[in-house]
Asks: 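Quick one: this structure, given as structure tokens, is what I'll be asking you about.
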2 protein chains.
Amino acid sequence: MIDCTVEGIGSYLLEHNIKPSYPRIKVMQILLQRTHPTAEEIYAQAVKEMPTLSKTTVYNALNLFMEKNIVHSIYIGETEAKYDIDTSIHGHFKCECCNKVYDFSVDLEEQSFPELHGFFIRERDVYLKGTCKACLEKSE
Amino acid sequence: MIDCTVEGIGSYLLEHNIKPSYPRIKVMQILLQRTHPTAEEIYAQAVKEMPTLSKTTVYNALNLFMEKNIVHSIYIGETEAKYDIDTSIHGHFKCECCNKVYDFSVDLEEQSFPELHGFFIRERDVYLKGTCKACLEKSE
DNA sequence: TTCTCTGCAAACGCTTTGCACGGAT
DNA sequence: ATCCGTGCAAAGCGTTTGCAGAGAA
């Protein structure tokens, strides 16, 4: 787990060869405290504390983080990207009723894909959609 | 398997409560003969035989097919949607080298998702990315 | 100085929307 | 007469690009 302070995030970024500028630290901090926010959400929150911040800078930071493999983008339902600091393999479930996105673990390693024999698999994404328990109980 | 003639597609559309207009039949025909084409590709091919066809009509048809659940959109890599007549559960592998998208079967039913106990799952998508066998062999 | 980061404005690409025309019922 | 499908043009939206200025090394 990453230390959420400015210093903690700063050294975390340095470890990954990213110069810890203030906007980058802020973006990273928001990624840590929210679960898969959109660029818009990150911008909206960060701009409160950095009035001159531009959306371009948020995108710059996010794209840099993805290059360095410390952030992952997810596309579920909308065309708008969500960003996830958890780069381990896990699935995303989107409730079509409340729009909440849930994480869950999947073991795709276990599955063999005979059709993909000899392929090199770098990235795995599992997206499920449906209705979450809370919404199902509400509508009863 | 659907009969690829104009009549065959026409009755298939009727079965799904879709009025079989000529543009719709043409779009469906292209979906049947290509594997997950983009809207652009469908338009480019269809316009050859229907010079007055507009892209809007292609989108109208595709969106209608998706509403009626006979076509599925897939988003892998690009923001551009690909469309798939195969609505059964299967995975998509995108080769980052040649950009080809391969289908493969997955058995997600078998997997239990303890975190999603009590959830209703309507749709399942598995996206893998990496390098396909052909590209790996080429680069050796 | 040189290199990098920031941030405005504009461009981009895919998709949707508004709206009017034409054909079917 | 009403309804539905088509297709043009324009708008929409998230994201990227061009570029100039500020700041760090």
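Naming convention: chains lettered A, B, ... in sequence-line order (proteins, then strands); numbering from 1 in each chain. Everything numeric in this text was worked out from a predicted model, so none of it was measured.
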Asks: Just to verify, which of B:L128, B:V126, B:D125 counts as forming a side chain to side chain contact (heavy atoms under 4.5 Å, CB included) with B:V106?
Replies: B:V126

Asks: Can you tell me how far P of D:dT15 sits from CD of A:E41, to the nearest Å?
Replies: 11 Å

Asks: Measure the acute angle between the ring planes of B:Y12 and B:H16, then classify it against the limits of 30° and 60° as parallel, tilted or perpendicular.
Replies: tilted

Asks: Rounded to whole angstroms, how far apart are OH on B:Y43 and P on C:dT15?
Replies: 15 Å

Asks: Could you tell me whether the phosphate oxygens of C:dT15, OP1 or OP2, come under 4.0 Å of any side-chain nitrogen or oxygen in B:Y59?
Replies: yes

Asks: Write down the distance between CD (B:E80) and C1' (D:dG14), rounded to a whole number of angstrom.
Replies: 15 Å

Asks: Separation of A:E78 atom CD from D:dG14 atom C1', in whole Å?
Replies: 12 Å

Asks: When we call it a touch if two heavy atoms are under 4.0 Å apart, what does A:T52 touch: a base, just sugar-phosphate, or nothing?
Replies: sugar-phosphate

Asks: If you compare every side-chain N and O of A:T57 against the phosphate oxygens of C:dG7 (OP1, OP2), does one of them come in below 4.0 Å?
Replies: yes

Asks: Check whether any side-chain nitrogen or oxygen of B:S21 sits under 4.0 Å from OP1 or OP2 of D:dT6, and answer yes or no.
Replies: yes

Asks: Which listed nucleotide (C:dT15, D:dG5, D:dC8) is nearest to the side chain of B:R24?
Replies: D:dG5

Asks: In whole angstrom, what separates B:K26's NZ from D:dG5's P?
Replies: 20 Å

Asks: Looking only at side-chain N and O atoms, does B:N63 come under 4.0 Å of OP1 or OP2 in C:dT16?
Replies: yes

Asks: Assign each of B:K19 and B:E40 to its nearest nucleotide of DNA chain C by heavy atoms, then name whichever residue's nucleotide is nearer the 5' end.
Replies: B:E40

Asks: Does a nitrogen or oxygen in the side chain of A:T56 sit under 4.0 Å from OP1 or OP2 of C:dT6?
Replies: no

Asks: May I ask you to verify if any side-chain N or O of B:T79 is less than 4.0 angstrom from the OP1 or OP2 atom of C:dC14?
Replies: no

Asks: Of the listed nucleotides (C:dT15, D:dT15, C:dG7), which one gets closest to any side-chain atom of B:A39?
Replies: C:dT15

Asks: Answer yes when A:E78 and A:K94 have at least one side-chain N-carboxylate O distance shorter than 4.0 Å, and no when they do not.
Replies: yes

Asks: Specify the separation, in whole Å, of atom CG of A:L62 and atom C1' of C:dT6.
Replies: 15 Å

Asks: Can A:K55 be said to sit on top of A:Y43's aromatic six-ring, NZ or CZ under 6.0 Å from centre and within 45° of the ring axis?
Replies: yes

Asks: Take the protein atom NZ of A:K55 and the nucleotide atom P of D:dT15, then report the distance between them rounded to whole Å.
Replies: 9 Å

Asks: Could you check whether any side-chain heavy atom of B:L31 comes within less than 4.5 Å of a side-chain heavy atom of B:P37, counting everything from C-beta outward?
Replies: yes

Asks: Whole-Å distance between C:dT6 P and A:I25 CD1?
Replies: 10 Å

